[in-house]
Structure formats: C-alpha cells, structure tokens
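One structure is given here, and the rest of the page talks about it.
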Amino acid sequence: MTFSPLTQRRIAQFKANRRGYWSLWVFGILFLIILFAEFLANDKPLLVSYEGKWYAPIFQTYPETHWGGKFQTATNYRDAYVKELINEKGWMIFPPIPFHISTVNFNLTGPAPSPPSPENWLGTDDQGRDVLARLIYGFRVSIFFGLILTFFSSIIGVLAGAVQGYFGGRVDLIFQRVIEIWSGLPILYLLIILSSIIEPNFWLLLGIMLLFSWMSLVAVVRAEFFRTRSLDYVRAAEALGVSTWRIMVRHMLPNAMVATLTYLPFILNGSITTLTTLDFLGFGLPPGSASLGELLTQGKNHVQSPWLGLTGFFSLAFLLSLLIFIGEAVRDAFDPRKVMAR
C-alpha cells in the first residue's frame, strides 16, 4: 500500500513520539491477549482426549455422564472425581489460568480474600474467585465498552457538528441551545438514578451513556465546518450544483476528521473511566460481572488485603496511561506545525 507524502509524514511524526508509538504496540498486544481471554483463563479444558476421541469443552458443553459420571448436569472439570474419570481413559489440558470469572477456589489454605499464591497469582477476592482471571475479563469488558461507545458517539457527534457548522443560522442556534441544556444536566447522577431504576447490563449502560457522550466532538467539528464552508472550493461545488450531503461528506468532512481523530483516544479514556466509576459505586454492570470498578470496590471493602486495591489501581492506571500516550502521539502526528517542520 502506497501512502501519500502527507500521510507518510504523519506516520513518521507518530513514530517519532516514542512513548506513544510503543504504547500503541503494548495496547495492541494487550488487546489481542484479552480478545482470546477464554483460552487464557477458563475452568474448562482447552482439549480433552477421552477413549481415543478428541473434545474441546471450551466450545461445547458436555454432561458429566459423558465421562462416566452420575449426573446429567454440565461437567465441573475442576472436580477431583471428574478429573479421575477422564484421566483413567485419557487426559486434558487446562488454560494457563484454570479459573473463570465465577469460579470459586474451594481449596484455599485460608479465608477469602486470600493472598497471591502459585495457584492464584494475584490472590482471590472475598468470594474466593481468582483476581487475575477477573482482571483479564474486566480489561476486555472495559476496552470493548470504551471502543463501542467511542465509535457510536463519534458518529453522532460528527454528524451533529457537521449539520450545525454547514447550515449555521437558525439550525445552529437551535442545536446550540439544546446542547447547552443537555450538557448542563448532571450526567453522573442521571446515570446512577437510571441504573437504580432499571436493572443495568452492558448494552443498557452503553445506550444511556451514548445519550450524553456524543457532545464531546460537536464543537470541534462545528468549528471546522464553519471555517471551510466559506472556502472557494466549497463555493465552487455549490455553484456547480453538487448536492449538500456530497459537499459535506466528500469535501468538508476530511478536514474535520483531522481534528476529530486527535480526540478519539481521550474520549475512549473518558468512556472507560465512567464505566469504572459506575461499577465502583455499584450502579454499573450486573453483580458478579468482572470489571475494574468492581475490583476497586473489593480493595476498598478489604483494606486488610492490599493486593486487591493495588491490582485495581495499577491496572487501571496502566490502561489509561497507554491511551493518554497514544492520544498525545496522534495529536502530534496531525499537528500541521510539526508535520510541516519535517
């Protein structure tokens, strides 16, 4: 693929910011790891060889009777009885972390929450669940929530800003009054009230937060459309009879996207922080869900178990720092003064 000279200079400028460049690599590797969290942390074997046949319990649920057990219920592969049945006629391979987010370790040597050990690398929470497994799944939930929210809020924000900036006049005036009123609402309190009335879940929280998060890009896109609508090439396109939406999308939107892209990592950062805050306050994801906010709550409720609070703090600080460094590098890459200086 051949890039234009301007794009090549922007890529070079992004790489010149070593902190942001390596942060992108670390975030990409981390994203790939959590993308396959079920293969890394699970209480089901990756592969089972039984009576000469191969099985993948991670993809399909088998009853205990399938392995010669007594019950028709789903197999608990951590049960010593089931392990003995399978090992008599085969073998099985577990993931590196043989725990899921809801798996309770009944073999703890002390009361839960238990400290880090060779079996539970980051210890367990107050219900005996593995902290590292919940951290991995919590990372995935937070990142996917932030990415989806950023994507849809950016679409709505760019569209609203484009309409305001291009048409101006009464359309812009009405939009601005609506945004002023809407942005003046206490967003966090409204989220808490709605979450307490309606049982929250991933998609419901996403929809509620989308009602408010789209406003972050409106001002940037609106200002860029205001600037470009009076330029000669836009006026020439209007004189030639080019449709309004074609002018907006093809001729004006690319200029606005330059400023928009520099804001995306910071919007993603804010989305993850908001979800963590709601989970920490108990108004986020349903009880039992793995999240960074729930891990911080565990640390707050059990100050005598410092590994819980420290794990939550450093994992969240690490993730947000990566996104901030990436955002700074993207901002430098699209800074026309730095690009033209090369």
Side-chain angles (χ1 to χ4, degrees), residues 25-145 147-148 201-203 285-292 294-295 298 307 311 315:
W25 274 102
V26 173
F27 180 79
I29 295 173
L30 180 65
F31 183 79
L32 288 177
I33 291 175
I34 63 174
L35 198 61
F36 301 97
E38 285 79 8
F39 296 91
L40 185 62
N42 208 321
D43 56 1
K44 296 180 180 180
L46 298 174
L47 188 65
V48 174
S49 175
Y50 186 76
E51 293 183 339
K53 297 182 180 179
W54 301 86
Y55 302 92
I58 198 171
F59 295 112
Q60 184 175 351
T61 301
Y62 297 96
E64 187 178 301
T65 54
H66 186 85
W67 317 108
K70 301 178 181 179
F71 302 103
Q72 290 287 344
T73 55
T75 305
N76 179 11
Y77 295 94
R78 292 183 53 82
D79 191 338
Y81 174 68
V82 174
K83 289 182 178 180
E84 183 178 352
L85 288 175
I86 295 178
N87 290 331
E88 283 180 358
K89 299 181 181 180
W91 46 265
M92 54 183 174
I93 300 176
F94 276 93
I97 305 171
F99 300 96
H100 199 252
I101 58 173
S102 58
T103 306
V104 178
N105 188 356
F106 294 102
N107 300 320
L108 298 176
T109 57
S114 62
S117 64
E119 187 176 15
N120 303 106
W121 298 347
L122 293 179
T124 64
D125 61 9
D126 57 0
Q127 299 183 38
R129 300 171 299 189
D130 186 74
V131 172
L132 182 56
R134 294 183 64 80
L135 177 63
I136 293 172
Y137 284 90
F139 254 84
R140 183 168 71 175
V141 170
S142 297
I143 292 176
F144 271 100
F145 186 91
L147 289 174
I148 296 174
N201 57 55
F202 182 91
W203 296 108
L285 298 174
S289 302
S291 69
L292 299 179
E294 192 270 344
L295 185 57
Q298 291 269 350
W307 58 87
T311 300
S315 58

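FYI, side chains are in, hydrogens and waters are out, and symmetry mates aren't considered; it's all heavy atoms of this structure.
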Restricting to ring-ring contact (aromatic ring centres under 6.0 Å, His included), what partner residues turn up for Y55, sequence neighbours left out?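 Applying ring-ring contact (aromatic ring centres under 6.0 Å, His included) to Y55 gives Y62, H66, W67.
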
Quick check: do [X] and [Y] have side-chain heavy atoms less than 4.5 Å from each other?
X: P98; Y: R78; result: yes
X: L295; Y: T311; result: yes
X: L285; Y: E294; result: no
X: L135; Y: L292; result: yes
X: V82; Y: F71; result: no
X: E38; Y: R140; result: yes

Centres of the F31 and F144 rings: under 6.0 Å?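 They qualify: ring centres under 6.0 Å apart.
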
Supply the atom-to-atom distance [X] [atom1] to [Y] [atom2], rounded to the nearest 0.5 angstrom.
X: N87; Y: M92; atom1: CG; atom2: CE; result: 5.0 Å
X: L35; Y: I143; atom1: CG; atom2: CD1; result: 10.0 Å
X: R129; Y: T103; atom1: CZ; atom2: OG1; result: 10.0 Å
X: L132; Y: S315; atom1: CG; atom2: OG; result: 10.5 Å
X: Q298; Y: W307; atom1: CD; atom2: CH2; result: 11.0 Å
X: T75; Y: I86; atom1: OG1; atom2: CD1; result: 7.0 Å

Would you name the heavy atoms of [X] and [Y] that are closest together and state the gap between them?
X: V131; Y: D125; answer: CG2-N, 3.8 Å
X: Y50; Y: L85; answer: CE1-O, 3.8 Å
X: P57; Y: Y77; answer: CB-OH, 3.4 Å
X: P63; Y: Q72; answer: CB-O, 3.4 Å

Residues 104-118, side-chain donor-acceptor partners within the protein, below 3.5 Å, at least two apart:
unit_1, atom_1, unit_2, atom_2, d
N105, OD1, N107, N, 3.0
N105, ND2, E119, OE1, 3.4
N105, ND2, N120, OD1, 2.9
S114, OG, T124, OG1, 2.6
S117, OG, N120, N, 3.1

State whether the side chain of Y137 and the backbone N or O of A41 hold a donor-acceptor pair below 3.5 Å, judged by distance alone.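 It does hold such a pair.
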
Under 3.5 Å, is there a donor-acceptor pair between the side chain of R134 and the main chain of I101? yes

Test side chain to side chain contact (heavy atoms under 4.5 Å, CB included) applied to W91 and L47, step by step: CA-CA 8 Å; W91 46 265; L47 188 65; 4.1 Å; yes

Those residues that, when tested against L46, pass side-chain contact (heavy atoms from CB on, under 4.5 Å) (two or more places apart):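 side-chain contact (heavy atoms from CB on, under 4.5 Å) list for L46, sorted by chain: F39, I58, P95.
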
If you draw a 6.0 Å radius around CH2 in W25, do more than 12 non-hydrogen atoms from other residues or ligands fall strictly inside?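 For W25, atom CH2 is not crowded (no more than 12 foreign heavy atoms under 6.0 Å).
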
